[in-house]
Amino acid sequence: MKLYIATGNEHKKKEFMQILQGIHCVLPKDEGISFDPEETGSSFLENALIKAKALFSEVKQPVIADDSGICIDALGGMPGVYSARYGDKAGKILNAEEKNMLVLQQMTGKQERSCRFVCCIVLMLSSDRIYTVQETCEGIVADKPFGEGGFGYDPIVYLPTFQKTVAELSEEEKNRFSHRGKAGAKIAALLKML
Ligand code: IMP
């Protein structure tokens with residue numbers, strides 16, 4: 001089965017290919033389709049639906065879209081849906097390392113360090129057949145970045161269960177435990193059933 005993934009993010013594609021084994025995952029850019037819809041939603045679900053509908057209207061074939069990010073309790077749930085563009089200003093886009101340093105700076109002196117990654121996946125099979133799953137991965141904001149794996153905020157999220165940051169997990173561990181891994185496994189089970 002061929003499934004379009006409504007993202008341009010290669011890290012996400014790699015994780016989805018590992019999670020949705022046996023399914024042929026294709027990015028829009030793999031087929032020369034330009035895809036960059038404006039994420040105007042105020043929730044992960046709204047944004048995932050925007051992306052799924054935008055790509056489905058182009059390809060008219062099954063698509064999955066995810067919207068994900070990190071919610072930090074001491075920052076009132078931020079960066080949340082703004083995770084990909086957190087701290088960006090006109091003329092200055094922060095890279096992942098800079099975003100992590102910004103978050104760590106904002107967390108200086110805070111005792112309450114609970115956070116969670118959230119991933120909402122929308123599976124759209126036709127304009128009227130839409131399934132959604134949202135999952136989380138609970139962690140604690142670390143004092144400093146650790147680890148080389150993963151992407152984005154992985155180096156600053158410490159998982160007490162593993163006594164490691166997400167960036168220190170193997171790919172297999174991350175996919176088993178992560179927000180995207182758990183949501184993706186449910187989508188994979190759903191696809192098998194359908
Ligand atoms: P999206 O592509 O609009 O869903 O943006 C998601 C953003 O949230 C990414 O650019 C990362 O900054 C962050 N994010 C989402 N999932 C992960 C993850 O698994 N690890 C680290 N950061 C993540």
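What you see is a predicted model, and the numbers here were worked out from it, not measured in a lab. Both ligands and their constituent atoms are indexed starting at 1 by order of listing. Along the sequence shown, residues carry numbers from 1.
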For Leu49, what are the other residues in its hydrophobic cluster, where any two members join if their side-chain heavy atoms are less than 4.5 angstrom apart? Tyr4, Val26, Ile33, Phe35, Leu45, Leu55, Phe56, Val59, Val63, Val122, Met124, Ile130
Backbone or side chain, does any N or O of Asn9 fall under 3.5 Å from an N or O of ligand 1? no
Test your reading of the structure: does Asp67 have an N or O sitting under 3.5 Å from an N or O of ligand 1? yes
Check if Lys51 has a non-hydrogen atom at a distance under 4.0 Å from any atom of ligand 1. yes
Can you tell me if His179 contacts ligand 1 (heavy atom of the residue under 4.0 Å from the ligand)? yes
Element-labelled atoms of ligand 1 that are located less than 4.0 Å from some non-hydrogen atom of [X]:
X	answer
Asp154	18 (C), 19 (O), 20 (N), 21 (C)
Lys174	18 (C), 19 (O), 20 (N)
Gly152	21 (C), 22 (N)
Lys12	1 (P), 2 (O), 4 (O)
Glu39	3 (O)
Ser83	7 (C), 8 (O), 12 (O)

Can you tell whether the side chains of [X] and [Y] come within less than 4.0 Å, N to carboxylate O?
X	Y	value
Lys13	Asp30	yes
Glu135	Arg180	no
Arg176	Glu171	no
Lys2	Glu31	yes
Lys92	Glu98	yes

For the pair [X] (side chain) and [Y] (backbone), establish whether a donor and an acceptor sit closer than 3.5 Å, ignoring hydrogens and angles.
X	Y	value
Lys29	Gly8	yes
Asn47	Val81	no
Asp154	Val166	no

Option nearest atom 10 (O) of ligand 1 (shortest heavy-atom distance, choices Cys119, Ala96, Ala84): Ala84
For [atom], closest protein heavy-atom neighbour:
atom	value
atom 9 (C) of ligand 1	Phe151 CE1, 4.3 Å
atom 15 (C) of ligand 1	Ser68 OG, 3.2 Å
atom 16 (N) of ligand 1	Arg180 NH2, 2.8 Å
atom 12 (O) of ligand 1	Tyr153 CE1, 3.1 Å

Determine which pairs satisfy ring-ring contact (aromatic ring centres under 6.0 Å, His included) with at least one residue from residues 162-194, sequence neighbours left out, and list them in order. Phe117-His179, Phe162-Phe177
